[in-house]
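A short worksheet on the structure shown next.
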Amino acid sequence: MKEKKRNKLTGMLIVLISAVIVVTGIALSDKDGDAPVKKSGFITTEKRKETESASPGRFEEVSRIEQNIEITIDYNDETEATEKDETTTTKKADTSTTTKEYEYAYAGFNPGLADMDVAEWNLILVNRDYILPDGYVPKMSEAVKGSGVNLDERVAPHYQQMYDAAKADGITLVPLSGYRRVSRQKTNFENKIQSYIEQGYGRAEATQLAAQIILPPGTSEHNAGLAMDICSLDVSFENTEEFKWLCENAEDFGFILRYPKDKMEVTKITYEPWHWRYVGVGHARIMNEKGICLEEYLAMQ
Ligand SMILES: [Zn+2]
C-alpha cells in the first residue's frame, strides 16, 4: 500500500515537472522570430559533464527531449514531422533566379528577391529585405552525425569540423536548430498576425506588428540552411565557455556571429548570441577584423 502511494506521488511529480517545462517554453518566443526561446536552460559542457557523471549515457536522451520540446512548440503545424525526414525529402537546390512572385505577399511587407546567383553562394543575403525564391529548398546533410539537424550540404561539413575541434577542447557545440521549412515559419507568422487581428488591428497593421517579432516566411537564414542555432536560445548563452570558444574560433571554420549586439540597427534583428552563419573563412576573418556585419560587408563589395 505504501509502495503504491509512493508510486502515485512520483507519477504526479513527473507530470507536474513536465507541465512546468512545457509552459515555460510556450510562454516565450524568439527574437529572430523563427525559433522559441528555450528558457528551461541550455546544455553547456559543465551541464553535460554533470549529467554524464550522474547518469552515464543520459545526455543524448536529455538533448533529444529538449530538442523535441523546442520543435513541438515552434513547429506546431507539423508536430508529427521530425527534423530527420528532411533528409529524405531533400530536393535539388534551385539556384536559378526566378521572377515568380513570392507566394506569401503580405500587406505592408514587400521584400526584394534574394539573389541566389551571387558569385559566392556563401554570401547569399537573406533578411527582412531579401526573401528566398518561392519553393527554395537547399540540398541538405546532417550538421553533426546522428544529430538529425540539417544544414545546406555545402555548410554541414564545416559545422562538423568546428564541432569536432571544439570537442577536442572539451566544448560541445550542440546543434539545436539548422534548416527549417518555410511552411513552418509561415504558420507561426500567420498565427501571430491572427493574434493581432483578434486584438482589433487591421490586417496590414497586424502584419507589420507580426513582422517586428517574427521573421516573415522565406526571410530567415534557417530557411536557406545557412545558419545554426547553437546550444541555447537564451541571451545568457553569452556567458558560457561555448560562446567564448565560438567568438575565438568560429571564424577559422567560416562562421560569424550574425546578429551582434552593436549591429541591431543594421541587421534589424535583436542580439542573438546563439545564431551563427556560414560565410567562409576569408570573409569571416575580414568581417571580424573590421567589426562589421554581413550587410555592411556586402555594401562594401
Ligand atoms: Zn537562429
Side-chain angles (χ1 to χ4, degrees), residues 25 28-40 42-43 63 66-67 69-75 83 86 114 122 124-132 136 138 140 142-144 147-152 155-156 158-159 162-163 173-189 192 210-238 240 242-243 246-247 250 253-261 263-264 266-279 284 287 293-295:
L28 297 143
S29 66
D30 184 19
K31 325 291 188 308
D32 90 348
D34 39 20
V37 168
K38 191 156 55 60
K39 193 71 178 179
S40 54
F42 39 79
I43 307 154
S63 166
E66 293 214 18
Q67 280 191 37
I69 290 170
E70 184 194 5
I71 289 161
T72 307
I73 295 163
D74 191 17
Y75 309 142
E83 291 291 322
E86 274 151 19
N122 40 305
I124 286 171
L125 183 63
V126 188
N127 59 19
R128 282 183 199 282
D129 299 325
Y130 293 100
I131 195 163
L132 289 167
Y136 177 82
M140 284 174 283
E142 256 184 337
V144 175
S147 67
V149 178
N150 294 323
L151 284 174
D152 182 306
V155 176
H158 300 286
Y159 192 85
M162 182 165 78
Y163 180 88
L173 302 178
V174 180
L176 272 192
S177 189
Y179 171 74
R180 296 180 202 145
R181 288 194 189 97
V182 171
S183 62
R184 289 173 169 172
Q185 208 171 341
K186 189 189 173 206
T187 303
N188 289 344
F189 192 60
K192 199 75 197 169
Q212 284 170 20
I213 296 169
I214 296 183
L215 273 175
T219 68
S220 165
E221 291 184 336
H222 289 286
N223 297 146
L226 296 171
M228 179 69 85
D229 290 341
I230 303 174
C231 287
S232 162
L233 296 173
D234 191 290
V235 176
S236 61
F237 177 60
E238 70 176 353
T240 62
E242 285 77 8
F243 181 70
L246 282 165
C247 290
F253 302 89
F255 287 87
I256 53 160
L257 178 66
R258 180 66 178 89
Y259 308 119
K261 209 181 265 180
K263 298 292 175 189
M264 294 193 282
V266 186
T267 63
K268 297 171 192 162
I269 302 266
T270 37
Y271 174 49
E272 290 195 355
W274 58 85
H275 183 109
W276 292 76
R277 154 79 196 258
Y278 182 79
V279 291
M287 279 182 240
C293 65
L294 183 58
E295 280 83 1

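Heavy-atom basis, side chains included; hydrogens, waters and symmetry copies ignored. Atoms within a ligand are numbered from 1 in the order they appear, just like the ligands themselves.
The nearest N/O/S atom of Asp229 to the Zn ion (ligand 1) is OD1. The atom of His275 that is an N, O or S and sits closest to the Zn ion (ligand 1) is ND1.
Listed by chain and residue number, Phe189, Lys192, Ile193, Tyr196 satisfy the side chain to side chain contact (heavy atoms under 4.5 Å, CB included) test with Ala210 (two or more places apart in sequence, or in another chain). Residues passing the ring-ring contact (aromatic ring centres under 6.0 Å, His included) test with Phe243 are Phe237, sequence neighbours excluded.
Residue contact annotation: Glu221 places no N/O/S atom under 2.8 Å from the Zn ion (ligand 1).
For the pairing with Arg258, the side chain to side chain donor-acceptor pair (under 3.5 Å) check across Glu272, Glu221, His275 returns one residue only, Glu221.
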The test is side chain to side chain donor-acceptor pair (under 3.5 Å); show your working for Asp234 and Ser236 and say whether it passes. CA-CA 5 Å; Asp234 191 290; Ser236 61; 2.8 Å; yes
